[in-house]
Structures are given as C-alpha cells and as structure tokens.
There are 2 protein chains.
Amino acid sequence: RLRPVGVGDVEVHDAFWQPRLDRNREQTIPAQHEQCETTGALTNFRRAAGHTPGEPFHGMYYSDSDVYKWAEAASWSLASTDDRAVAERLAEVIRLFEAAQDGEGYLNTYFSVDRVAERWTDLVVRHEMYCIGHLTQAAVAHFRATGSRALLDVAERACGHIEARFAPGDVPGTCGHPCLEMALVELYRATGDERWLRLAVWQLDSRGMGVLNGSEYLLDHARLRDQSFVTGHAVRALYLYAAAADVVLETGDEELSAVVDRLWADLSRHKTAVTGGVGARWDGEAFGDAYELPDRAYNETCAAIAHIFLAWRLLLRTGDGAYRDAVETALYNGVLPGLSQSGTEFFYQNPLADEGRHRRSPWFTCACCPPNIARLLASLPGYVYTTSDEGLWVQLYVGNSARVRLPDGSSVGVELSCGLPWEGTVQLRLTPVEAREFSVFLPVPAWAGEATVRVGEEVVTPERRSGYLVLTRTWQPGDEVRLDFTMPVRQIGTHPRVAAGHRRVAVTRGPLVYCVEQSDHADAAVADLRLAGEETWRPEFAADLLGGVVTLHTTGSALKVDEDEPLHRPYVPAEPLPTRPAEITAVPYYAWANREAGPMRVFLPLLP
Amino acid sequence: RLRPVGVGDVEVHDAFWQPRLDRNREQTIPAQHEQCETTGALTNFRRAAGHTPGEPFHGMYYSDSDVYKWAEAASWSLASTDDRAVAERLAEVIRLFEAAQDGEGYLNTYFSVDRVAERWTDLVVRHEMYCIGHLTQAAVAHFRATGSRALLDVAERACGHIEARFAPGDVPGTCGHPCLEMALVELYRATGDERWLRLAVWQLDSRGMGVLNGSEYLLDHARLRDQSFVTGHAVRALYLYAAAADVVLETGDEELSAVVDRLWADLSRHKTAVTGGVGARWDGEAFGDAYELPDRAYNETCAAIAHIFLAWRLLLRTGDGAYRDAVETALYNGVLPGLSQSGTEFFYQNPLADEGRHRRSPWFTCACCPPNIARLLASLPGYVYTTSDEGLWVQLYVGNSARVRLPDGSSVGVELSCGLPWEGTVQLRLTPVEAREFSVFLPVPAWAGEATVRVGEEVVTPERRSGYLVLTRTWQPGDEVRLDFTMPVRQIGTHPRVAAGHRRVAVTRGPLVYCVEQSDHADAAVADLRLAGEETWRPEFAADLLGGVVTLHTTGSALKVDEDEPLHRPYVPAEPLPTRPAEITAVPYYAWANREAGPMRVFLPLLP
C-alpha cells in the first residue's frame, strides 16, 4: 500500500511541465472562469442564491460541475503558488456556493428555483449526485491546499443531504454519472468521518438494483461485484471503477479488489489505445468491444483522465509499475493532446487519424473536458511521489523540489531534475534531516532501454521490482543518484486481434507516442506514407517547433497513388504497390493540430 | 435517357426474389401495420381527425412518415397482386389521411391538434415537408398501382399548401430532411402539373440561403449548385442528390447535372463500402471523410436505399452500367442485410464486422428503416427493366414475365428466367406482337467472368456498350436469348488510401459480398482467420442453410493467438505470426446474424 504525497509538498521545476502548469494557472484557469461567466454557469449560482430574481437557468442541467471543476483546479493551483487573483476569484465563487445551498444542504442550481419538486426524481439522467461529487472533490482540494474548511462545510452538508435521502442499507441511490463515489472516499480521507466511506460503499452496492433501469450503458446491469467486463459510457465506467479501487484502498475489500483487477485486465488487454485513450465509440462516448481500437476513436479527454484516476489507485494498492506506466502514457498522450499550445483550446475527442477537420475549441456545450484538464494539471504535483513503509517512490519523472514525510515520521528533502520527455536523464538529490536508511524506488518504464544508475560516482546495480529500481541504503544528506536511460525509438504493433492494427505500427520514443502531420510532408500525402518496419529513426530537438519538441526522422516510402483507381477492385497478390522513397517526420501526438489544419496519422501501414 | 417500366407491368417469378416479395407482402407489410398501430402512429391520424378526443400524440414528431412509407409499400404490393387484406387496410388508412388533413391542405399529426401555432416554425428539425414527401410518394405509388386518385388528391392538397406557404421565387423553403423534393418530381410525372416540378426546383434552390442555418450537416452550407463533396447526414444527402438527379431527368439542367456527377464521383470513389453501404459514421448517421470506410461502419439501411435511388436516376440519364452495378450491389448487400430471414426484424446499421452484439429488431423508436425496406421490395419489379428509343434494357436479372411498351408504342412480352444470384444463367424469351427491329440491352456486371450469348442456338458476339451487351435485330415472337456468365469468386481489395482496407480482402461472388460468421468456424475465432490472397474458393449450394445459399469454402490460415500477449508491443519484422491451416466458410453477407449470435467479418486480413 503506497501513500500519496500531497500537491502542496511538491514544487515543480521542470523544463517541460513548469511552463504547462504556469500556463494552466495564468491562462487556462482565468479563461475557464470567464467561460463559466459567459455561459451563465456562475450566474446559475447567483440565481439560486436569490441574487438575480427573474433570471432563467443557463446551459446544461449539469453546468454546476463546470464551476466545481474550475474551483478544484483553482484550489490545487493555490497549493503550488500564492496567486492572489486566483485566490480572490475562488473565494468569491465559494461564497456563491454557500449562498446557493439551501437549509437542508441541497445544492444544484438547476433544481434550486423552479424545479424544486423535481429533485431526485431522475437519477438516471439528471446528474445531481455527479455535481455534488465534483463539489466535494473541489472541497477536498481546497481544504488540502489552503486548510480552510469553508468549501468542505458546503460539501459535507450536501453529502449529508444525500446520506439522509438515500440512506445506506435502506434507500438505494446511485447516479447515472458516477463521480460522487470517488469524492466521498476522498471526503472520508480528508475528514476521517466514516459516514462518507459507508455512503460511498452503499452507492457502489446500489448498482444492479435497478436504480438506473438496469442499463448496461450506465453500469447498472449487474451488481458491481458481479461486473466482469468494461462497458458503457467510458468516463462513467472508469469513475465508477476508480471509486471501487478507492474503497479497496480504504477497506481492503478482497471481493471488490478482484472485481477491479478483472475490469483492469479487460481494459488494459482489450480496450486501451496506444495513447492511453479509452472509449473507442463516438456513439454514446462508449467503450467498444474487445480489440475495437479504430483510427477514428472517440478517446474522450475526460476518459483518459479517468483512466489515470483508476491506474493511480491501482498503483497505490500494488506498487506495480505497469499501473504507473499507464498513468504516464495516458498523461502525455491521452490528456495533453486535449490542450492547445495556447492553453485555451481543447479537444473533447482524440482520434488517432484525421483529415484536418478535427480542431480544438475554447469551450463546449457539454464542457466537461476543459476544466477536467485544468484540475488534473493543477494537481499534477500530487502524482510525482508516493511513499511506502519502505521509503520513497518516484512515480513521474518531473523536475521538482519537495519535502516528503516518510512513514517513520522523518522528513526528507528531494531535488529531482530530469530531461524527460526528451532525454532519459534523471538526477535525484536527497536531503534527509539526518542519515537514515530507507529505500528509494525509481521507475523503469516499459519504454526505457538500457538504464545506468549511479549513487554519487559509483555505478550500482540495484534490485529490480515490478518496474522499479530499488535503492536501499543509509542516505546521507546531499546524496545524489543519477539514472540514465536510453530512449530507443520504437515501432509499436498491436495484438493481432485488433483489426485496425493489422500490418501497421505507431512510433514512440520515451513516454511519447508520435504522429505524422501533413505540415511536415510537402511531397507526399500522409495517407500514402508506408514503412518497412525496419526503419531507424533519428531524433532531433527542434527548439522552435511546437514549443520545443524532439522530432523523429526516417526514410520510408510513399505510395504512388492513382486517385482514379476504383475504390474496390480484385486483389492481385503478385502486384506490389509502386512506391518511392519518402522522408518522414514524426512529431509528438500531444502537439498535433497546433499548426495549419491537415491530415494526421498515428499509425503508419507496413509494406507490402 | 432511359425510361422506367412500371411496377405493375412486371410479374416476378424468381427462385430468389419471389419468396422475398411474397414474404414482404404476407409478413412484413402486415407486421408493420401492426407496429404503426402499436406505436400510436396510426392513432395520431385518428386524433388529428378528431376521432379520439383527449388522446395524446404518440411517438416521434415524424411518425406520420412510418405510416406513409407503409402505405407506399402496401400500394406497390397491390400493383403486383390483388391482396384483399392489404387493399382493405390501405383503404382504411387512406380514409384516415383524408380525415386528418385540414381545410387548407395542412397535414401533420404532430401539429394538428395542440401545436397549430408551431406549424412551419422549425424547418431545421421538425420534418413537416419530409412527412409530406413520404405522403406524396405513397400517393404516386397508389395512383400508379391502382389508378385511384384518392391519395393523390390528399397529396396535391398538401403540396399545394406548401407551395402557397413557400412560394417559388419568393419564400425560401426546404426541409432539414429532404424527401419532398424527389416526391414533387414524381408528383409532376404522375399528374403532368408543372407546379410540382417548379416547387421541387425551388426547394433545391433554397439550399444555401440559410433556411437551415447554413448547416453543412443539413446540406445548407452552400447553394446546391455549388456543393462539391458528399457530406452530412447520409440519407438526407442522398435524398437531396437523388432529387437533383430527378430534376436533371425532367429539365436537362446541365449545371445541376454536373453537380450530381461531381457528387457521385466523390461518393463512388471515396465513400462507398464494398457492400454499397454508405454513411460511415455512427455520430450523426453521417458521411465520413474520403476513404473513411471502417469495419464498424454505420451504413444505415435507409442510406443504401437512398444510394439506389440516386444510382437509378443516374442510370436513367446515362444508360451507364456502372450505375446499374451500384444499384445491384446496394440492393443485395446494402439493403437485404437489413431484413431478417423471417421478414419481421430489421437492421438500422449494417457494420462490416461485429462481435455478436448487433442483432435485428422488430421496430425502432426512429423507425425509418423497416418500412423503407418494405416499400423498396414492393417496388422492386420497377427496377427490372427500362426502355429507350433503341429498345429494351434488362437492368436487374430477376426472373419475371412482363409486358413492356416500347417507345414506338408497340408492346413486347418478355419472359426472363435466371439463376442469379447463385448461377450466371439468364434466359430471355421475347414476344413482340409482331416481328420488329429493336435492341435488347443485357447488362454485363463488373462481377461477371466470361459471358456467352446465344440467340436461339447461335452463339453471337454482340456489341458491348458501357456495361451492356447490345443485341440489335428484328425480333420474332418467341425468340430466345441465353446468356451464361461465369461467376468467379473474387478477393476484393480496397484503394490504398483506405486505412481500414490495408492488407485485407473481402470475398465476393456474382453480385454478393460474403462474410464469415463464427457459426461456421468451430475451430477458430473468426478474428484469427487469415488469407494468403491466392486462395481458390469452392462454391457449394447449401439448400438448408439460411433459406438456401451458395457458401464458399477454402483453406486459409488461423493465427495461433496468445490472448495474454500485450495489446501494444514493439513490432518485430523478422517474426512471422504463427499460424495453422484453417477451413474457412463464407456465407452471403445479406444472410448474417440469422443464426446464433457471434462474431462476423466481411474483411479478412492477408498474411503476413
């Protein structure tokens, strides 16, 4: 059982991540506050508070959650920096939440004024618990970041209202869109009040009782404990499974643990794109069948975030680096593409191929993804380390300085600098208060080539355990560890049951999945590019491109295509397709669609 | 310019089609009447007629169109047979239509009672013109089948109401869902009244004026005359283009003709599945980008029908066999799969691969497809022949006896028998009233191998023109023509720009596309089947299987799959996938999902 290290304990100093976190705080969070204002989502709270008589409700019935996610993002950002502007805006928003909540603790602006009688009449569609889930997550973030109970009190009243209305063991209650379950476990962690854990368990156990019409799409087709395959709306499914993993962390429930393992196995073996994107289907934003991993995948940004939530919880339970790798893959390649270079435009869907019509937007009618990205980035420092009884675990190679409390109560200063995601160099400087024996766990990702470890000047060969190097010794203040990976470019194939993967490869280097964009290929349509599968790729750092990226270069082939050939025609085995050599440039997938619109491909077909 | 030969002039006697047309009349049409009763679609007319005070409206705002399509199917079936039960039901339904229409000619049961003020306030969504389009198509069918003007009068009043409300040259009017445009041209053909042709042209020319908010999805992004690529909702797009082709047929408008040619080129070169299915995307039931032809295509049954409508009109304009081939392909492989063997269950979507969860339903909330299939099948005799100034054209090889009036006014009896789709044998016996010179055009489909033609006992080598054999001679009563095709099994590849077609083939024989179903493969998962691309396939008639089908057999390979292998892993060029020989059986795609549920594939991957 690993334990997280709080957002506020880790200060990011990283060539790749720090500009992104700064942009999140300086551009994204203010722009999203403005969107909440423009769309009326904030006005809905003023209306519910009675400040704007006669005002109609604005937006979707779940628009409260946009504001709550914004508040969570703002809260986490306050854990890292003392940004007055953000703090003041947040304080004002929290006052609105307080004012909009009624005396019974009920809070949902859609039902606050003219739909009071409709409260709790439609758990299937109306997202009332979902919104309180996001309120609660914001409240826990705010409490952890600032120590203030202001928002936590609002959340506890709201959860108390739900506890009274859907009493554990008595009245089944669970929402068409999970979220509250995870939030309740967090609320329990923040407050120590077991009521919230009990309510979380009850919400999970209410699945399969028909509260949601037995819908498979809504994960109500069976008791959660009997669910055996990943299905339905991707974000909802993963929020639910992540909550189950949370409960397992807190209770050690072995039955539930086996369920989560089973679902993770289905997810990771059958239903995860090479980018960590999940939820293949546009219809219903849903998981597809096993091995259904098409180019034009839906891969909602929120689903990649949910994927991280689930993998992180399984990592905390097991210390298995495979979960850590999943967090890292989804972060770089499932979530980051959702954000423009400017920090103010977003993808909802993240397909693996496009013809140039899929572009980012500043906001959406259903605006779940933008503030979800903002809150994840703001909380990123919380994913850098964990601890265990054995010592300190690095989880993400993100440059930072931190002060970590070890389980024995001692505290250790950590300075980490690294060249990721471009170079496989990691330096770690440890400053325990005094000499102390513990283990340091350094992940060896699946993408890493040769790893060389030095402690001080000495090359060491530490134990390897489930994807980590384990360095156990008595650490002196100022001890330094240096880790160097090679980062070979890999051509990644897919399980042969994946129809869309047949004779195609994706190109990766380090934690990054790459793609080819038309912008870099003046002489060939990207649809015509082909690989032999034996190419050597040359990495090259392009400081001025896409904010500074390592591009990958090789000589492959381009088909000589006759556009007038019939679409369907007899296959002639002996007739190789005519090709010519073509210079191919790949850029990180997270950076696509930041230049002129044009075709993009993650997978390239193999000749013949 | 070809001219159609009416449904009532052709009596189908065909081992393949006659049971289907009988089942359509005996099972499908009555079952669909029952569905219109059960869903309340018929009650909506009683309510509009004032027969059921206090009754609410039932179903979707376009549910009238279900009943109109049923009425069209019933009407066409009366052209072929004298079915008392159908005739009586239809007469009763027509009386309901009459009673539901108001004094101004307005007819839409959604707006008839309590939404009178909302009439014509939402052309984008509400389908009022669309419904009248289906009414009008039913009316023309009824008039042609029975000679009765009863329904035609209702339709003319309704179209007159629209003409008054959206006056040509004055008030732009066009519907979010095209249909009325085609129907108006048919109404013009049936009545000779040029008002209807003018109104049709005006509706087409109203595109791009912003009536539909300039939406590309609704084909309002440009003047129709400036539209250059196939886009948007597939059924809507093709109904619109078919109407444009209708106008071209009647007016010879060359500008519009070039538009339709351009759109057809985009459709046939970039956006048509091997089955003739069209509209790749589940989101929005829409066309994808060029070459976007995934396994899990939407391929709505209605869109394949619309594809036939468009191709047929282009065939009438040009006499080019490529359009005929498109009609035939879409009929056998795009429409027929939409219907169960029982005739009472339907597919809305027709994907090219499935894992066993996609099954037919007796009806849908949006029930467009079932009665669309019924009306197409009931009108099938009208697709068998055309005429031109040169003589008689066979268009579909469907056994029948017919009496066809040639353009010179003389009439000729025709008896056609054939072994299609299983054997490439066609016999034609011509009985002109007296000896007469004219040409007989016999299609040579793209799928045909060697063709041998005999007139009487004599082997002849007729002229070939655009996919037809042209036999020009003085025909004596009783002259016989015999045509024999070989029907090689073909492995069909796809244009190299189709990502999903990379190193995969579909198997076809004659007009039929085949698929593999798990039911026939006890020893291997269909996902693991592979071909070398050089297989010889053995056809075998299986009288007891799926209503009697030719199955295809070969020895291919099955991958030895390790299910526990990672989903994504480095590609190793030198490592061939381990395989073992596997007996493969293919069945016609139209017949899939009529046995126990299980995986299905149209495309099989090629080794390596």
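The analysis underlying the following values was restricted to heavy atoms, covering all of them including side chains, and did not include hydrogens, waters or symmetry mates. Sequence lines set the chain letters: A, B, ... in the order given, protein chains first and strands last, and positions in each chain run from 1. Note that this is a predicted model, so its numbers are computed, not measured.
Smallest separation of non-hydrogen atoms from A:Gly533 and B:Pro573: O-CG, 3.1 Å. Across all their heavy atoms, A:Thr272 and B:His568 have their closest contact at O-NE2, 2.7 Å.
Heavy atoms of B:Arg503 lying under 4.5 Å from chain A belong to its backbone as well as its side chain. Residue contact with chain A, scored on non-hydrogen atoms closer than 4.5 Å, involves the side chain of B:Val561 exclusively. A:Val498 touches chain B through its side chain: at least one heavy atom from C-beta onward sits under 4.5 Å away, while N, CA, C and O do not. With a 4.5 angstrom heavy-atom cutoff, B:Pro496 touches chain A via backbone and side-chain atoms both. Proximity to chain B is limited to the backbone of A:Ala273, based on heavy atoms less than 4.5 angstrom apart. For B:Thr508, no part lies near chain A; criterion is any non-hydrogen pair under 4.5 Å. Heavy-atom distances place both the backbone and the side chain of A:Ile492 under 4.5 Å from chain B. Looking at A:Glu563, the atoms closer than 4.5 Å to chain B (heavy atoms on both sides) sit in the backbone and in the side chain alike. Contact of A:Tyr291 with chain B is made through the side chain alone, with heavy-atom distances under 4.5 Å.
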| message | B:His358 vs A:Asp289, test: side-chain contact (heavy atoms from CB on, under 4.5 Å). Steps then yes/no. | response | CA-CA 11 Å; B:His358 188 61; A:Asp289 291 314; over 6 Å; no
| said: Working note: B:Leu293 + A:Leu567, criterion side-chain contact (heavy atoms from CB on, under 4.5 Å); need CA distance, chi angles, decisive distance, verdict. | reply: CA-CA 10 Å; B:Leu293 297 171; A:Leu567 189 51; 3.9 Å; yes
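Salt bridge annotation for B:Arg357-A:Glu216: present, with a cationic side-chain nitrogen under 4.0 angstrom from a carboxylate oxygen. Salt-bridge check for B:Asp564 with A:Arg269: passed, with a basic side-chain N closer than 4.0 Å to an acidic carboxylate O. Under 4.0 Å is where a charged nitrogen must lie from a carboxylate oxygen, and between A:Arg497 and B:Asp562 no such pair does.
Heavy-atom pairs under 4.5 Å with chain A were tallied for B:Leu577, B:Leu559, B:Asp528, B:Asp295; the largest tally goes to B:Asp528. The most heavy-atom pairs under 4.5 Å with chain A, out of B:Arg530, B:Arg504, B:Arg490, come from B:Arg530. Interface summary for chain B: among A:Pro570, A:Ala527, A:Gly356, the most heavy-atom pairs under 4.5 angstrom belong to A:Pro570. Counting heavy-atom pairs closer than 4.5 Å to chain A, the top-ranked of the candidates B:Glu292, B:Arg281, B:Glu355 is B:Arg281. In terms of heavy-atom pairs under 4.5 angstrom with chain A, the leader among B:Glu565, B:Arg569, B:Gln491 is B:Arg569.
Contacts with chain A (heavy atom to heavy atom, under 4.5 Å) involve these residues of residues 601-608 of chain B, listed by number: B:Pro605, B:Leu606, B:Pro608.
Note that the CG atom of A:Asp283 and the CD atom of B:Gln349 stand 8.0 Å from one another [nearest 0.5 Å].
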